[in-house]
Structures are given as C-alpha cells and as structure tokens.
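Notes to accompany the following structure.
The analysis underlying the following values was restricted to heavy atoms, covering all of them including side chains, and did not include hydrogens, waters or symmetry mates. These numbers were taken from a predicted model, which means no experiment stands behind them.
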Amino acid sequence: MEFRELLETSPVIAAAKDEEGLKRALETDCGIVFTLYGNLCTVEGMVKRIREAGKMAVVHMDLIQGLGGREIAVDFLKDSAGAQGVISTKIALVRRAMELGMAGIWRTFLVDSIALNNTKKQLSAAAPDAVEILPGILPRIIREIRSCTGVPIIAGGLLSDKKDVLEALDAGAWAVSSTREELWKL
C-alpha cells in the first residue's frame with residue numbers, strides 16, 4: 001500500500017521511542033510505525049520486524065545514533081536497512097528519500113511566527129511527501145498550513161487524548177503521530 005493511502009486508511013501513526021514501545025506498536029492496527037530511537041547496529045533489525053508485521057517502516061534518521069546527516073545515510077537506510085520512508089528536519093535528506101522511491105517526511109517545529117513563515121516557504125519549494133508539524137495541538141496553524149499546500153500534514157507532539165487527535169484531523173491533518181500508546185488504538 002502506498003504512503004498516502006496508508007495515511008488515509010490508518011491516520012494514527014505509532015511512534016516508537018524505545019524497544020518496549022516498538023513491541024507494542026507491532027501489535028496495533030496502525031499501518032505506519034515511526035522509529036524514534038536506535039543506532040546503526042539496531043536499525044536494520046527494527047525495520048525488519050516492522051515490515052514483517054505488515055507495517056510501513058519509517059525511520060527518523062536524525063534520531064539514529066551513528067547515522068550522519070548526509071544523503072548517503074538515506075541510501076544506507078533504503079539499501080541496507082530496508083526502510084520504506086524517512087523523517088528528517090533536513091529537507092535535502094527528505095528529497096533524497098523521495099528520489100529513491102521512499103516516503104519523505106519533513107519534520108518541522110513551529111515555535112513562533114518566523115518558523116511558521118519559513119515552513120510555508122519551504123513547503124512550496126520542497127514538496128515533501130508529508131510534513132510533520134510539532135506541536136500537533138495547533139488546529140488553527142494546521143488550517144493555515146493546509147490552506148497553502150497540498151502536502152499531507154502529520155500532527156505530532158503533545159497530543160494527549162482522543163479530543164486532540166480529532167481536532168488535529170478536523171483541522172486538516174491527514175494523520176497524527178504519537179508515542180502515547182493509548183492513542184494507537186483509536
């Protein structure tokens with residue numbers, strides 16, 4: 001199943017921040033799993049387990065210890081680890097993932113109006129497969145970004161309950177990512 005189709009059919013993304021979280025994520029109905037931890041020695045095994053569970057394996061490459069912030073690192077994740085997508089705050093790495101046929105998700109932190117304006121400019125120029133905005137509990141900002149791009153929006157960070165998830169989706173997010181395991185079952 002393609003990335004966009006998975007976002008539509010499985011709008012809650014399990015984001016695993018440790019081994020126990022990954023084990024539980026594999027038992028959910030979530031179609032996509034974000035890995036937010038690991039290192040060069042463990043990433044291949046994590047991706048393999050996710051794929052064997054029938055889920056899309058998306059690696060947050062900025063959080064993998066020992067993995068550099070260069071395009072060759074994206075090649076490694078695809079060719080050696082078998083990842084199907086990457087998340088990064090570095091747009092060049094997201095572009096490289098897309099060149100390789102992987103899902104490319106650009107993660108951005110909206111801490112002030114300058115960050116919001118820069119995000120809007122980058123989205124029009126970069127066109128990633130999706131943008132993950134943090135914190136994800138900003139329905140008005142989600143609507144604003146939605147109005148200026150066709151790129152799917154993933155809301156992540158600080159989502160604490162079903163109400164937060166529904167507000168983000170109602171505001172125009174295609175999906176939400178969360179490390180809160182109780183949300184994975186929505």
Side-chain angles (χ1 to χ4, degrees), residues 2-17 30-37 56 58-64 67-71 73-74 77 83-99 102-180 182-184 186:
E2 294 294 321
F3 178 66
R4 280 186 178 227
E5 189 178 346
L6 274 172
L7 287 178
E8 290 175 1
T9 60
S10 184
V12 176
I13 298 167
K17 62 183 176 180
C30 298
I32 302 171
V33 176
F34 287 176
T35 58
L36 308 180
Y37 74 102
M56 177 181 254
V58 179
V59 176
H60 190 320
M61 53 185 306
D62 301 349
L63 301 178
I64 301 297
L67 191 63
R70 301 191 185 271
E71 292 179 2
V74 181
L77 286 174
Q84 296 157 292
V86 300
I87 305 165
S88 180
T89 58
K90 299 168 185 76
I91 201 69
L93 301 180
V94 172
R95 276 193 208 111
R96 179 62 183 158
M98 293 168 60
E99 288 170 4
M102 302 169 75
I105 303 166
W106 179 47
R107 181 182 249 198
T108 184
F109 297 89
L110 300 177
V111 296
D112 58 21
S113 59
I114 295 170
L116 175 61
N117 289 331
N118 287 339
T119 294
K120 289 189 215 177
K121 288 177 192 171
Q122 289 258 2
L123 279 173
S124 62
D129 288 317
V131 58
E132 182 181 28
I133 60 171
L134 287 95
I137 56 168
L138 302 169
R140 184 182 65 76
I141 301 302
I142 293 170
R143 278 189 211 85
E144 187 172 337
I145 291 175
R146 188 86 196 116
S147 71
C148 73
T149 184
V151 172
I153 296 169
I154 300 168
L158 299 179
L159 298 157
S160 61
D161 56 26
K162 183 177 181 177
K163 181 179 180 253
D164 290 341
V165 170
L166 294 175
E167 285 179 355
L169 295 174
D170 287 344
W174 281 42
V176 297
S177 68
S178 179
T179 58
R180 287 188 172 266
E182 58 269 22
L183 297 181
W184 299 351
L186 293 179

What's the shortest heavy-atom distance between Arg4 and Gly150, and which atoms?
NH2-O, 3.8 Å
Could you walk me through whether Leu134 and Leu158 pass side-chain contact (heavy atoms from CB on, under 4.5 Å), step by step?
CA-CA 8 Å; Leu134 287 95; Leu158 299 179; over 6 Å; no
Go through the steps for Val151 and Ile145 under the test side-chain contact (heavy atoms from CB on, under 4.5 Å), then give the verdict.
CA-CA 9 Å; Val151 172; Ile145 291 175; over 6 Å; no
Within the supplied structure, the quantity of interest is the number of heavy atoms (other residues, nucleotides, ligands) at a distance under 6.0 Å from Lys121 NZ; does it exceed 12?
no
Just how far is it from atom CG of Leu183 to atom CG of Asp164, taken to the nearest 0.5 Å?
8.0 Å
Gap between atom OG of Ser178 and atom CG of Asp161 - 0.5 Å precision:
10.0 Å
Please name the pair of heavy atoms, one in Trp174 and one in Pro11, separated by the smallest distance, quoted to 0.1 Å.
O-CB, 3.6 Å
Test your reading of the model: is there a side-chain donor-acceptor pair from Asp129 to the backbone of Phe3, 3.5 Å cut-off?
no
Determine, for Glu144 against Arg140, whether the closest basic-nitrogen to carboxylate-oxygen distance falls under 4.0 angstrom.
yes
Minimum heavy-atom separation for Val111 and Ala115, please, with both atom names.
N-CB, 3.9 Å
Starting at OG1 of Thr35, measure out to CG of Leu77 and round the result to the nearest 0.5 Å.
8.5 Å
The reported gap from OG1 in Thr179 to OH in Tyr37 (rounded to nearest 0.5 angstrom) is 13.0 Å
Heavy-atom nearest pair, Cys148 first then Lys120, reads SG-CG, 3.7 Å
Looking at Glu2, I want to see if its CD is surrounded by more than 12 non-hydrogen atoms of other residues, nucleotides or ligands under 6.0 Å.
no
Sub-3.5 Å donor-acceptor pair from the side chain of Trp106 to the main-chain atoms of Arg95, do we have one?
no
Looking at Ser10 and Leu6, would you say the former's side chain and the latter's main chain have a donor-acceptor pair under 3.5 Å?
no
Scanning both residues in full, the closest heavy-atom pair of Gly104 with Ala97 reads CA-CB, 4.3 Å
Minimum heavy-atom separation for Ile142 and Ala171, please, with both atom names.
CG2-O, 3.7 Å
Would you give the length of the straight line joining atom CG of Leu186 to atom CG of Leu166, rounded to the nearest 0.5 angstrom?
7.5 Å
Gap separating the CD atom of Glu71 from the CG atom of Leu93, nearest 0.5 angstrom
7.0 Å
Pair Asn118-Thr108, side-chain contact (heavy atoms from CB on, under 4.5 Å): steps then yes or no
CA-CA 10 Å; Asn118 287 339; Thr108 184; over 6 Å; no
For Glu167, is there an ion pair with Lys163 - N to carboxylate O distance below 4.0 angstrom?
yes
Contact between Leu159 and Arg180 at the side-chain level, heavy atoms closer than 4.5 Å - yes or no?
no
Only residue of Val94, Thr89, Val86 satisfying side-chain contact (heavy atoms from CB on, under 4.5 Å) with Met61 is Val86
Working note: Ile133 + Leu138, criterion side-chain contact (heavy atoms from CB on, under 4.5 Å); need CA distance, chi angles, decisive distance, verdict.
CA-CA 9 Å; Ile133 60 171; Leu138 302 169; 5.8 Å; no
Just by modelled atom types, is the Pro139 backbone N or O under 3.5 Å from a matching donor or acceptor in the Arg143 side chain?
yes
Hey, are the side chains of Leu63 and Ile87 touching, using non-hydrogen atoms and a 4.5 Å cut-off?
no
